[in-house]
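This report concerns only the one structure given below.
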Amino acid sequence: MKKLVLLAVVLTCLLLISAPEASACFNVKYVHQGVTTVPVMDFTIVLVGERAPINFYMDSTGYRFTGFSYWFDDGNTYLKWINPVDPTGLPVDPAIGIPYCTWMYIGWELGEPPAPVIQAYWTDPVGNPIYPDGWVKEMWHEVYPWPDPWLWIYYTIDFELAAIDSVYYKVFYDNLPLNQMTWHNPDLWPPWDQMTALYTGGSYPLVYGDSIGWALPGIEPGYHVVFAYRGFCNNIFWDFGQHLIEQEGGPVYDLWETPENGNTFFEFGCDIQPTIPALPADFFGPGSDPFEGQVACVGEPLETDPPGVLGSTNTIVERETADLPECPSTDSVETQIIELSLVSIAPITVSFLGGSYFEEWDVYVCLSDRTPPPGYTIFNRDCQQGGTFFSEIAIYPRFIFNKVTNPEDEVIFDFGDQGLPPVNYNTPFNGYWLFEDPGFGTAVAIGGELVSHCRGIPDRPIGRSGVDLIPGLQASPCNDCETPPSTHNMPFTSFAELDGCAQQDAVVPRFSATIGRCCYNNNQDCADMTEAACLDLDGNWDAESNCIDNPCPTVGRCCYNLNQLCDDMTEAACLDLFGNWDEHLNCIDNPCPTVGRCCYNENQNCVDTSEVACRELFGNWDEHLNCIDDPCATGGCDYAVGDVNSSGGYNGLDITYGVAFFKGGADPLCPYCPPCESFHYCGDVNASCNYNGLDITYGVNYFKGGPGPMPCEDCPPAG
């Protein structure tokens, strides 16, 4: 029995998920109306809970901050904005402070907020809060779910907070990435042109603890709703918030697609239970022979109105919402496949009159109008962020045959009409699921559009669904309910079986974004994910690669630019920089060694290298010189004859130094210069290739007008 492969991806859970709650994303742009009595220089935002910022933006116009940092403390996220500059880019005078309408912009992700999501205050030039008894601003909002969605805003303000001027919203079918929730997105900015107005009545300054709300007409479960708030200074102080509208207890639709791997087929004339009989004689027309054999298929995208709403989806599974509030817990939900669309990879060949002639027919596979008995899925919550599942689902397939030379010639073989038993899909307990998709782009919520199946036969509309959990994604490890999510990702595949004479392989979740290889954590970890998810991990993304066929290349220490620069990178990247690469080292634990000039081979060769490497070449090394600016002197050793005190020349002080040496003083300071290291060659002034008292006598005579110093012929000075 071949296998039906359900793609499962191991991924890092960026947030600790304790229940299947909705998620929201936010971008904040805070407007400062101005403090007239105290100059302000810094600004601090506190996000309730440990929510790491995803991105932040600093425009090039207006008063703004140039410094940014964040840290976690007491379970909260603290963001610090410092170093304000004026519109020309010059630092702000601390005595004056930041003027009216200064702003900053930060984005982050979080679950549905149970309390204020933002608290903010200004500080004076030395960092003390200007409002020690309270916050400048506390604000959050909630969205009540279907069937009566409402947006409620809660906030407390001080006199210098920008009040709400207007509120807008817009609906998206799929989750909008956080980096698209900016004014650079033409679908959102300016909101009064591209979005639907909820309120445009002017400023609404609410007292402490007050709130205001608006109904959201036309919102259905599965919609991703983006909100925008316009504030004082004709600007946005809370730019965008995004929520997924859910329907508790309603149906859920999981979207799947069958890739073109050729492992999906139906075999006619097969006697494995449940059987698929051979197509009888005359089925394709008078004189056609009985047909036996396999029909290999691939997924064909479902037809929708408007077109393309479901992308490449060719299979839709409808099930009840799973209820898994505790860890561990188990829930069994009713499940059915309600849409299936397959097409043969190649036409089948049908013989006529015992093989006298042949015709080619295309084959399409969908679902019969006969409703199969309900199936079920058992979901197990095995860890905080997800678990495993088992499914048993029955289908009645319908086969539609169209003659290649005349597609209007059509015959149908319907399991429901023939009274044949259904085909069963069974998945063992290694299917995986997660409460949330942290960026892989799985598409799960659909509806509001007419879906057709079976080559244009109209089907019932499919309403939108909430998202309780996502099959096809796995967290690793998922061993128990106490272990926190891991930061290690790796590809994973779970399996399912299709009983009888029909086999289907590699049905995978439909992704709304391109999946590629992500190398992160200094290339030590690899996972297949969307580009946005990879960038959140500070990884390197490649749309053309995957972790199974193209693992991430090894990263090691690269010393380049004469070892003055060090970075951990791949060998290929290091070679492009003409650097020295070592896969067993890294720049933090093993910084690049100091490089200096090395003169070796009797000063005929010069290389910039480390001292250890130079000694191995019997060279003369100087960390303050390099071969380009300070080439090695050729023709011998780099010294002055008689210069035993290394002063750069021969004089009476060298006579004094030498006398002290022979009385037990310090050795002559001859530079390293093989092969002259067997004696103190720099002190030899009488060409004896030795250094002794005769050289002292010769030198004294020289300074009285005698013959000049002469080196050992085996150790001549350079030049």
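Starting from 1, each residue takes its place in the sequence as its number.
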State, to 0.1 Å, how close Phe379 and Ala322 come at their nearest heavy-atom pair, and which atoms those are. CD1-CB, 3.9 Å
For the CG atom of Leu367 and the CD1 atom of Ile338, what is their distance to the nearest 0.5 Å? 9.0 Å
Closest approach of Tyr396 and Pro373, non-hydrogen atoms and distance? OH-CD, 4.3 Å
Applying the side-chain contact (heavy atoms from CB on, under 4.5 Å) criterion to Trp433, which one of Asn380, Leu324, Ile470 satisfies it? Leu324
With sequence neighbours left out, the residues meeting salt bridge (Lys or Arg N to Asp or Glu O under 4.0 Å) with Asp42 are Lys80
Could you state the interatomic distance from CD (Glu482) to CD (Gln384), rounded to the nearest 0.5 Å? 7.5 Å
Does the side-chain contact (heavy atoms from CB on, under 4.5 Å) test come out yes or no for Glu318 and Tyr253, once each step is laid out? CA-CA 5 Å; Glu318 178 183 335; Tyr253 301 106; 3.4 Å; yes
Looking at Asn550, is its backbone amide N or carbonyl O close enough to the side chain of Arg517 to form a donor-acceptor pair, meaning the two atoms are under 3.5 Å apart? yes
Test Leu302 against every option in Leu255, Thr315, Ile316 by the side-chain contact (heavy atoms from CB on, under 4.5 Å) rule and name the one that passes. Ile316
Less than 2.5 angstrom apart at the SG atoms, yes or no, for Cys481 and Cys327? yes
Restricting to non-hydrogen atoms, name the atom on Met195 and the atom on Lys170 that form the minimum distance, rounded to 0.1 Å. CE-N, 3.5 Å
Please report the interatomic distance OG1(Thr313) to CG(Asp254), rounded to the nearest 0.5 Å. 10.5 Å
Spell out, as yes or no, whether a donor-acceptor pair under 3.5 Å connects the side chain of Asp568 to the backbone of Cys587. yes
Taking only residues two or more places apart in sequence or in another chain, which ones pass side-chain hydrogen bond (donor to acceptor under 3.5 Å, both in side chains) with Asn523? none
Spacing of OH belonging to Tyr168 relative to CG belonging to Leu198, to within rounding of 0.5 Å: 10.0 Å
Student check: side-chain heavy atoms of Phe435 and Gln385 closer than 4.5 Å: no
All heavy atoms of Cys518 vs all of Cys552, minimum pair found to be O-SG, 4.1 Å
Below 4.5 Å, heavy atoms only, C-beta onward: do Ile337 and Trp256 meet side chain to side chain? no
Would you please name every residue forming a side-chain hydrogen bond (donor to acceptor under 3.5 Å, both in side chains) with Ser341, sequence neighbours left out? none
Carefully, step by step, assess Gln336 and Thr371 under the rule side-chain contact (heavy atoms from CB on, under 4.5 Å). CA-CA 10 Å; Gln336 282 189 320; Thr371 302; 3.8 Å; yes
Verify, without hydrogens or angle tests, whether Asn522 (side chain) and Val555 (backbone) share a donor-acceptor contact under 3.5 angstrom. no
Measure the spacing between CG of Asp323 and OG1 of Thr330 and express it to the nearest 0.5 Å. 11.5 Å
Using every non-hydrogen atom in the two residues, find where Cys478 and Gly386 come nearest and quote the distance to one decimal. SG-O, 3.7 Å
Taken to the nearest 0.5 Å, the spacing of Cys383 SG from Asp480 CG works out to 8.5 Å
Minimum heavy-atom separation for Leu342 to Leu340, with atom names? CG-CD1, 4.1 Å
